[in-house]
Amino acid sequence: MILIVDGTTAGDPCSGQRWTRATTQSIATALEADGIYICDRTVSRILKELGYALRVNHKQLSATKHPQRDQQFQLIALLRNYAFLAGIPIISVDTKKKEYVGCFQNPGRCWGRKPTLVNDHDFRSLASGIAIPYAIYDLFTNRGAFYVGTSYDTPEFAVFCIVRWWNEIGQYEYLNTRELYILADSGGSNGYRSRAWKYFLQHKLANQFDLTVTVAHYPSGASKWNPIEHRLFSEVSKHWAGIPLETLSIILHYLQTTTTRTGLTVTADLVEQDFEKGIKISDAEMTNLNLQSHQTIPQWNYSIKPQTNRIILVS
């Protein structure tokens, strides 16, 4: 049997685990040609005894690997440890996948007497709207907060959600603190290249609440290591798996009722405000920001401090 599967065999050199592209039925058929008559189930049992296993694809290979990728992970680990020791609030932020609101297929399965019928195509024209779930995950308290927008996923919207979280939850959880740490992806509405992201952090968060905001971005292609992905988003996806998200009320309900045995709790609110796309921040406006890039990997790590002489913007 080893000779039969040898040409289609791969494996893990560290663990010794092996797998083959040949099916158990094709192996049994090949053995039959040599006068060995066994069924495909016997082939499966023997393959397991030989260290073979059924395998699936693992999304582990990064298309881009920045030369400072590992160093940035080390810096983020240090930042998290320091935040825990110093009692500084540290949050992970990101936008979960946008959802069409309507009778559309939602991946996954749920218990029921019969299948739920949904649209046979996911056309945007069939949706009553789009839900944009921006979330803040508090690493200290294991709590998530979703703000579901219906307009556009812009830097202004992202900062609006963080400001609302701080105004409604954060400042009461962390009394007398004057610092906030943020972990974010390198792209999207809270990407490190976005001028508007930094501009609104300055004027709507740092200035308004007299906070020093320190941001650390995960390297490109490494967003799945952002804590919000595996501690919050994955739990929401499991919770509403197989449930058509027909209305905004249903979306909010499933967000609000997401829990885990380890104590995760979630709040969710609707944001009906419109946000303009394509806001441009001039060089002069960027120069006026009280933004201090860190010495190590400055494009991914920076702090925004309150401006002493500032104009308070009304949200």
- Task: Fit a plane to each ring of Phe140 and Tyr174, take the angle between them on a 0 to 90° scale, and name the class: parallel (under 30°), tilted (30 to 60°) or perpendicular (over 60°).
- Result: tilted
- On the 0 to 90° scale, with breaks at 30° and 60°, tag the His203-Tyr199 ring pair as parallel, tilted or perpendicular. tilted
- Transitive ILVMFWY side-chain link Ile279 to Leu291, under 4.5 Å: yes
- Query: For the residue pair Tyr137 and His230, is the inter-centroid distance of their aromatic rings smaller than 6.0 Å?
  - Reply: no
To the closest 0.5 Å, what do you measure between [atom1] ([X]) and [atom2] ([Y])?
{"X": "Asp94", "Y": "Phe233", "atom1": "CG", "atom2": "CZ", "value": "5.0 Å"}
{"X": "Trp165", "Y": "Leu180", "atom1": "CH2", "atom2": "CG", "value": "6.0 Å"}
{"X": "Ile228", "Y": "Leu139", "atom1": "CD1", "atom2": "CG", "value": "9.5 Å"}

- Message: Closer than 4.0 angstrom, basic N to acidic O: yes or no for Asp283 and Arg195?
- Response: yes
- Task: Evaluate side-chain hydrogen bond (donor to acceptor under 3.5 Å, both in side chains) for Ser249 paired with Thr247, printing each intermediate quantity in order.
- Result: CA-CA 5 Å; Ser249 296; Thr247 65; 4.6 Å; no
- Chi angles and distances behind the side-chain hydrogen bond (donor to acceptor under 3.5 Å, both in side chains) call for Thr214, Ser303: CA-CA 4 Å; Thr214 296; Ser303 295; 2.8 Å; yes
- Lys NZ or Arg CZ of Lys198 over Tyr302 ring: under 6.0 Å, within 45°: yes
- Message: Let's go through Gln171 and Asn167 carefully: what are the C-alpha distance in whole Å and the side-chain angles of both, what is the deciding distance for side-chain hydrogen bond (donor to acceptor under 3.5 Å, both in side chains) to 0.1 Å, and is it a yes or a no?
- Response: CA-CA 6 Å; Gln171 65 178 336; Asn167 190 44; 3.3 Å; yes
- For Gln307, which of Asn288, Asn290, Asn207 qualifies under side-chain hydrogen bond (donor to acceptor under 3.5 Å, both in side chains)? Asn207
